[in-house]
Amino acid sequence: MRLGDGKAHSATSLTSLVRRATLRESDLAPKYEKVHNFKVHTFRGPHWCEYCANFMWGLIAQGVKCADCGLNVHKQCSKVVPNDCQPDLRHVKKVYSCDLTTLVKAHNTKRPMVVDMCIQEIEARGLQSEGLYRISGFSELIEDVKLAFDRDGEKADISSNAYEDINIITGALKLYFRELPIPLITYDAYPRFIETGKITDPEKRLESLHEALKLLPPAHCETLRYLMAHLKRVTQYEKENLMSSENLGIVFGPTLMRAPELDAMTALNDIRYQRLVVETLITNEDVLF
């Protein structure tokens, strides 16, 4: 009897150890894969390729340099270098207008700090604010928040002492997504998401959306998951803030999805599908992610 108890006890303690280790593991920033951002470069003085270790010949444009991590290689070698770019904060100077995966890798975080900090601030003091995300804040102050993040990163002060109006913080968050060089729902995945929006059967739409999410880069998918969980919490205060998932879909559709090089008519036509996609993501965030 006692022996069995001992086994049960050790199994329990082992399980809790594994759980603790798993929790610790998931707290760490995930290892996102990132391609190098190579640009043709003229090196001063002798230079050797950091991939093949051979000399870089020529007087100008001898090779390419990664704008995000500083890796120097031959142009030919750049085609075979693995996607292991580890951006360096000396090269990644901005927060806004910076590629999302580049930013999170440079800062070694799960999601962009702008997203986490703005959402935490909004949830702490703004969930009951009428017209949350629909009402615009003063644009000069939104620009001010952007500059604070670009200058101070996670040390930026976005508290109520600095910005009393919560619409400035929601505006800064929307601006961050609008200024991403590759939208949160990427150009590559865009057509698949729009197709999903056209499906009328709710069950089939969910299945299609589940497949479409797999097309997103991991850092984009994780950020989208966190944002949708937040927007779902916003809808739980709909009586006070008057923001339903449909209203939030209207606001966030064009913010998170941008048509890649479409003519004006098609882009206009896509707006309702963008709204439907975001609305479905918010309503079903617990099932989809």
Side-chain angles (χ1 to χ4, degrees), residues 93-100 103-104 107 109-185 220 222-259 267-268 271-272 274-275 277-279 281-283 285:
K93 296 275 196 283
K94 288 187 303 185
V95 170
Y96 277 69
S97 309
C98 173
D99 171 69
L100 191 145
L103 185 73
V104 296
H107 289 269
T109 54
K110 239 181 178 180
R111 295 172 297 271
M113 91 281 278
V114 183
V115 176
D116 280 23
M117 286 173 66
C118 287
I119 285 177
Q120 282 157 18
E121 195 63 34
I122 293 158
E123 296 203 349
R125 61 184 172 102
L127 287 176
Q128 299 188 29
S129 177
E130 190 177 316
L132 191 69
Y133 285 113
R134 186 178 52 77
I135 294 172
S136 298
F138 193 43
S139 59
E140 275 184 29
L141 290 175
I142 291 170
E143 200 62 30
D144 203 38
V145 173
K146 171 187 165 175
L147 292 174
F149 274 116
D150 279 344
R151 189 184 59 237
D152 308 325
E154 64 268 17
K155 292 189 177 73
D157 179 14
I158 57 166
S159 67
S160 55
N161 298 333
Y163 304 99
E164 199 180 337
D165 180 5
I166 200 65
N167 299 315
I168 292 159
I169 309 303
T170 59
L173 181 62
K174 288 187 292 182
L175 183 66
Y176 171 73
F177 288 121
R178 278 202 303 275
E179 291 198 350
L180 282 174
I182 298 168
L184 191 60
I185 290 173
H220 283 244
E222 166 56 27
T223 306
L224 185 64
R225 178 198 68 76
Y226 189 73
L227 176 65
M228 292 304 121
H230 160 64
L231 295 181
K232 178 78 167 275
R233 287 190 287 277
V234 170
T235 63
Q236 286 162 2
Y237 289 85
E238 192 188 335
K239 273 202 179 84
E240 292 81 17
N241 61 36
L242 310 179
M243 294 304 284
S244 61
S245 54
E246 186 183 350
N247 290 342
L248 289 166
I250 293 167
V251 172
F252 276 95
T255 304
L256 305 180
M257 303 172 75
R258 293 199 296 280
L268 203 60
I271 289 174
R272 62 181 161 150
Q274 292 171 352
R275 173 184 67 74
V277 165
V278 175
E279 192 183 330
L281 282 168
I282 296 169
T283 314
E285 60 82 25

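A distance of 14.0 Å separates CD of E279 from CZ of R272, quoted to the nearest 0.5 Å. Here the straight-line distance linking atom CD of E121 with atom OG of S159 works out to 6.0 Å at 0.5 Å rounding. How far OG of S160 is from CG of D165: 11.5 Å, rounded to the nearest 0.5 Å. With values rounded to the nearest 0.5 angstrom, E285 atom CD is found 10.5 Å from L227 atom CG.
Side chains of V104 and K110 form no contact here, defined as non-hydrogen atoms less than 4.5 Å apart. A 4.5 Å side-chain heavy-atom check between M243 and T235 finds every atom pair outside the cut-off. The closest side-chain heavy-atom distance from P112 to T223 is below 4.5 Å. Considering only heavy atoms from C-beta on, M228 stays 4.5 Å or farther from K232 through its side chain. A 4.5 Å side-chain heavy-atom check between L224 and L256 finds at least one atom pair inside the cut-off. Side-chain contact check for R125 versus I169: some heavy-atom pair is nearer than 4.5 Å.
Partners of E240 under the side chain to side chain contact (heavy atoms under 4.5 Å, CB included) rule, at least two apart in sequence or in another chain, are Q128, Y237. Under the salt bridge (charged side-chain N to carboxylate O under 4.0 Å, His left out) criterion, R225 pairs with E222, sequence neighbours left out. Remark: S139 pairs with no residue by the side chain to side chain contact (heavy atoms under 4.5 Å, CB included) rule, at least two apart or across chains.
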(request) Assess whether side chain to side chain donor-acceptor pair (under 3.5 Å) is satisfied between D157 and Y163, documenting all intermediate values. (result) CA-CA 9 Å; D157 179 14; Y163 304 99; over 6 Å; no
(request) Using the side-chain contact (heavy atoms from CB on, under 4.5 Å) rule, take I182 and L100 through it: C-alpha gap first, then chi angles, then the decisive distance, then the call. (result) CA-CA 8 Å; I182 298 168; L100 191 145; over 6 Å; no
(message) With side-chain contact (heavy atoms from CB on, under 4.5 Å) as the criterion, how do K146 and L175 come out once you've worked through the C-alpha distance, each side chain's angles and the decisive distance to 0.1 Å?
(response) CA-CA 8 Å; K146 171 187 165 175; L175 183 66; 4.0 Å; yes
(request) Applying side-chain contact (heavy atoms from CB on, under 4.5 Å), run through S136 and N167 and close with a yes or a no. (result) CA-CA 6 Å; S136 298; N167 299 315; over 6 Å; no
(message) Is there a side-chain contact (heavy atoms from CB on, under 4.5 Å) between Y176 and V115? Walk through the geometry before answering.
(response) CA-CA 8 Å; Y176 171 73; V115 176; 3.9 Å; yes
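Although no hydrogens or angles enter the test, the distance criterion places a donor-acceptor pair under 3.5 Å between the side chain of D150 and the main chain of Y96. A donor-acceptor pair is defined here as one N or O able to donate and one able to accept, closer than 3.5 Å; such a pair exists between the side chain of N241 and the backbone of L127. In this structure, R258 contributes its side chain and L184 its backbone to no donor-acceptor pair below 3.5 Å.
Residues E179 and S97 have side chains that bring a donor and an acceptor to within less than 3.5 angstrom of each other. Side-chain atoms of Y133 and N247 include no donor-acceptor pair closer than 3.5 Å.
Between D116 and R111, at least one side-chain N (NZ, or NE/NH1/NH2) sits under 4.0 Å from a carboxylate O, which counts as a salt bridge.
Classification of the F177-F252 ring pair by plane angle, with boundaries at 30° and 60°, yields perpendicular.
Summarising the local packing, CD of E164 is surrounded by 12 or fewer heavy atoms from other residues, nucleotides or ligands at distances under 6.0 Å.
Shortest non-hydrogen contact noted between T170 and I122 is CG2-CD1, 3.7 Å.
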